[in-house]
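Report on one structure; see the data block that follows.
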Amino acid sequence: MEHPTDKDIESMYELAKARYAQMGVDTDAALQTLAEVPISLHCWQGDDVGGFEGSGGDVGGGLAVTGNYPGKARTADELRQDLDVAYSLIPGRHRLNLHASYAETGDATVDRNALRPEHFAGWIDWAKEKGHGLDFNPTLFAHPLADDGFTLSSYDDGVRKFWIEHCIACREIGAAMGQALGTPCVTNIWIPDGYKDLPVDRLTPRVLLRDALDAIFEKEIDPRYNLDAVESKLFGIGSENYVTGSHEFYLGYAMTRDKLLCLDTGHFHPTENVYDKLSAVFLYVDEILLHVSRGVRWDSDHVVILSEDLVRLMQELIRGKFLERTHIGLDFFDASINRLAAWVIGTRNALRALLLALLEPYEELRQAELAGDFTQRLALLETLKGMPFGAVWDYHCLQRGVPVGVAFMRDIRAYEEQVLSKR
Ligand code: RNT
Ligand code: ZN
């Protein structure tokens with residue numbers, strides 16, 4: 001396959017820029033905004049949510065990672081090396097979203113409730129050196145005390161206490177990360193708790209969860225260092241009939257406790273869309289965390305593609321001027337394809353969707369809507385889909401020094417041959 005020359009890309013961009021200008025859109029301004037938006041890459045795409053606790057057991061928590069593509073990262077150093085390659089193929093400066101199960105405890109076995117910032121020193125040093133912000137997640141699955149499917153909403157006081165301690169430890173680790181890196185860490189709590197079959201008491205686990213969260217958040221932490229988010233889910237494998245941490249539960253919690261609401265795009269009914277929720281949620285919640293993912297039937301975590309839903313999600317952020325109040329993270333895991341390529345393709349798609357949203361003549365569209373001219377609105381929206389957006393994206397990649405088009409696969413193939421195939 002042939003790749004375009006720099007000159008091709010530049011002249012295509014000039015034409016695209018003029019064409020967008022005719023529509024009242026400033027492509028240079030759009031690219032400037034795009035260049036500033038950090039996406040938080042999820043560490044767990046690199047090793048199938050395995051982590052480095054050495055248990056090697058099931059992921060659990062109703063999460064399923066399918067596929068056995070060779071080359072998965074086995075150590076933190078390997079994972080960081082893979083991430084370095086992935087970041088080098090994505091335009092812009094981005095963050096890393098870590099799970100507590102990726103602690104580096106050396107030869108010592110440190111249980112989750114005893115984790116400390118020093119167990120993440122390797123990650124913090126690396127992030128500082130490479131200029132990445134860090135985000136964080138307590139890990140409330142893949143652990144003996146999560147085996148029966150309940151953690152923070154368990155009826156067992158000891159189990160609940162253990163996970164409360166773990167989440168408190170994680171907020172402190174998040175704060176240490178935020179302080180060390182000069183950018184707040186978003187620490188996001190997701191729990192797998194739920195029932196496979198119809199429960200009779202739907203209330204008590206939610207009371208227990210509310211109280212456990214209140215205990216976790218009792219200590220104030222400077223928001224310059226750490227921000228707390230809570231993530232809902234509709235159902236999981238093994239929790240088909242009831243999930244304690246449902247959307248309504250966390251929406252109410254985030255509103256009343258002034259927390260970030262995490263909306264995972266794979267965590268709703270397939271006909272329900274997160275893009276329609278944002279303008280409602282932002283009326284009552286200050287900031288949100290997005291887990292950009294792709295639900296397919298019963299799976300919530302396919303690699304993000306450039307779908308209409310994704311574009312609409314990003315359009316909402318731009319149209320509503322919500323970008324500053326939104327932390328964009330990714331959440332998918334696919335072990336059936338090259339894991340680095342999954343990161344690169346998914347992240348580039350999130351950015352491409354954002355660019356499409358930035359290349360919209362929003363005021364003109366809105367004027368048509370306000371005037372009741374829905375014919376013009378539809379005509380414009382459909383015409384925009386055929387605009388030369390690809391030329392603008394290619395130019396952005398060129399300017400930011402990353403491969404244009406599918407050329408990133410050359411680097412991935414080379415890395416696969418030199419490094420991944422030898423693992
Ligand atoms: C699970 C949630 C959660 C996890 C990660 C690994 O359904 O989406 O965000 O994917 O914590
Ligand atoms: Zn998620």
Side-chain angles (χ1 to χ4, degrees), residues 39-53 57-66 72-73 79 95-103 112 134-143 146 149-153 163 166-167 170 173-174 185-194 228-240 242-247 249-250 254 260-270 274 277 288-304 310 313 326-335 339 342-343 346-347 350:
I39 307 283
S40 200
L41 272 70
H42 50 314
C43 73
W44 53 93
Q45 165 56 45
D47 75 331
D48 315 339
V49 207
F52 304 126
E53 292 172 322
D58 261 2
V59 181
L63 307 175
V65 191
T66 48
K72 112 171 152 185
L79 189 55
R95 304 173 65 87
L96 180 72
N97 192 8
L98 262 184
H99 242 284
S101 51
Y102 291 74
R112 300 223 184 127
L134 287 178
D135 298 306
F136 200 49
N137 304 262
T139 310
L140 295 100
F141 50 84
H143 188 281
F150 281 85
T151 61
L152 289 178
S153 70
W163 291 115
H166 173 54
C167 290
C170 286
I173 294 163
C185 170
V186 178
T187 299
N188 174 53
I189 298 183
W190 173 74
I191 64 167
D193 302 27
D228 302 300
V230 286
E231 179 180 6
S232 67
K233 193 166 180 173
L234 180 64
F235 75 92
I237 297 170
S239 59
E240 289 84 0
Y242 175 86
V243 162
T244 315
S246 61
H247 178 56
F249 176 89
Y250 282 125
L260 275 68
L261 184 68
C262 173
L263 295 166
D264 184 311
T265 57
H267 285 191
F268 294 88
H269 187 277
V274 169
K277 300 181 187 300
I288 64 158
L289 168 64
L290 285 178
H291 270 190
V292 180
S293 189
R294 176 167 52 113
V296 178
R297 304 194 191 279
W298 54 81
D299 177 60
S300 73
D301 299 287
H302 274 55
V303 178
V304 166
L310 180 64
L313 182 73
T326 306
H327 303 259
I328 306 176
L330 303 173
D331 185 6
F332 50 79
F333 19 97
D334 191 336
R339 293 174 184 79
W343 267 321
T347 313

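Quick caveat, the model's predicted, so the values are computed rather than measured. Start at 1 and go down the list; that is how both ligands and their atoms are numbered. Scope of the values below: all heavy atoms of this structure, side chains included, with no hydrogens, waters or symmetry mates.
The closest protein non-hydrogen atom to atom 4 (C) of ligand 1 is Asp331 OD2, 3.5 Å. Ranking the protein heavy atoms by distance from atom 11 (O) of ligand 1 puts His99 NE2, 2.7 Å first. At the shortest separation from atom 9 (O) of ligand 1 among protein heavy atoms lies Glu231 OE1, 2.8 Å. Considering only non-hydrogen protein atoms, atom 7 (O) of ligand 1 sits nearest to Lys233 NZ, 2.7 Å.
Near His291, meaning under 4.0 Å from one of its heavy atoms, ligand 1 places the atoms 9 (O). Near Phe333, meaning under 4.0 Å from one of its heavy atoms, ligand 1 places the atoms 10 (O). Taking every heavy atom of Leu63 and a limit of under 4.0 angstrom, the matching atoms of ligand 1 come to 1 (C), 7 (O). Within ligand 1, counting atoms from 1 as listed, the ones closer than 4.0 Å to a heavy atom of His267 are 1 (C), 2 (C), 7 (O), 8 (O).
Nearest N/O/S atom of Asp264 with respect to the Zn ion (ligand 2) is recorded as OD2. Its N, O or S atom nearest to the Zn ion (ligand 2) is what matters here, and for Glu231 that atom is OE2.
The distance from the Zn ion (ligand 2) to the nearest N/O/S atom of Asp301 is not under 2.8 Å.
Of the N and O atoms on the side chains of Trp44 and Asn97, not one donor lies less than 3.5 Å from an acceptor on the other residue. A donor-acceptor contact closer than 3.5 angstrom links the side chains of Thr151 and Asp193.
Of the N or O atoms in Asn188, none lie within a sub-3.5 Å distance of an N or O in ligand 1. Below 3.5 Å of separation, one finds no N or O of Asn137 facing any N or O of ligand 1.
Between Phe333 and Val59, the closest side-chain pair of non-hydrogen atoms is not below 4.5 Å. Trp190 places a side-chain heavy atom less than 4.5 Å from the side chain of Lys233. Side-chain contact between Leu260 and His327 is present, with at least one heavy-atom pair separated by less than 4.5 Å. In this structure, Arg112 and Glu53 have side chains that are in contact, with non-hydrogen atoms separated by less than 4.5 Å. Counting only heavy atoms from C-beta outward, the side chains of Ile328 and Val292 approach each other to under 4.5 Å. By the 4.5 Å heavy-atom criterion applied to side chains, Thr265 and Val304 are not counted as neighbours. Using a 4.5 Å heavy-atom threshold, the side chains of Glu231 and Tyr250 count as separate.
When OD2 of Asp331 and ND1 of His291 are joined through the Zn ion (ligand 2), the resulting angle is 100° to the nearest 10°.
Residue His42 does not touch ligand 1, judged by heavy-atom distances below 4.0 Å.
Under a 4.0 Å N-O distance rule, the pair Arg339/Asp48 qualifies as a salt bridge.
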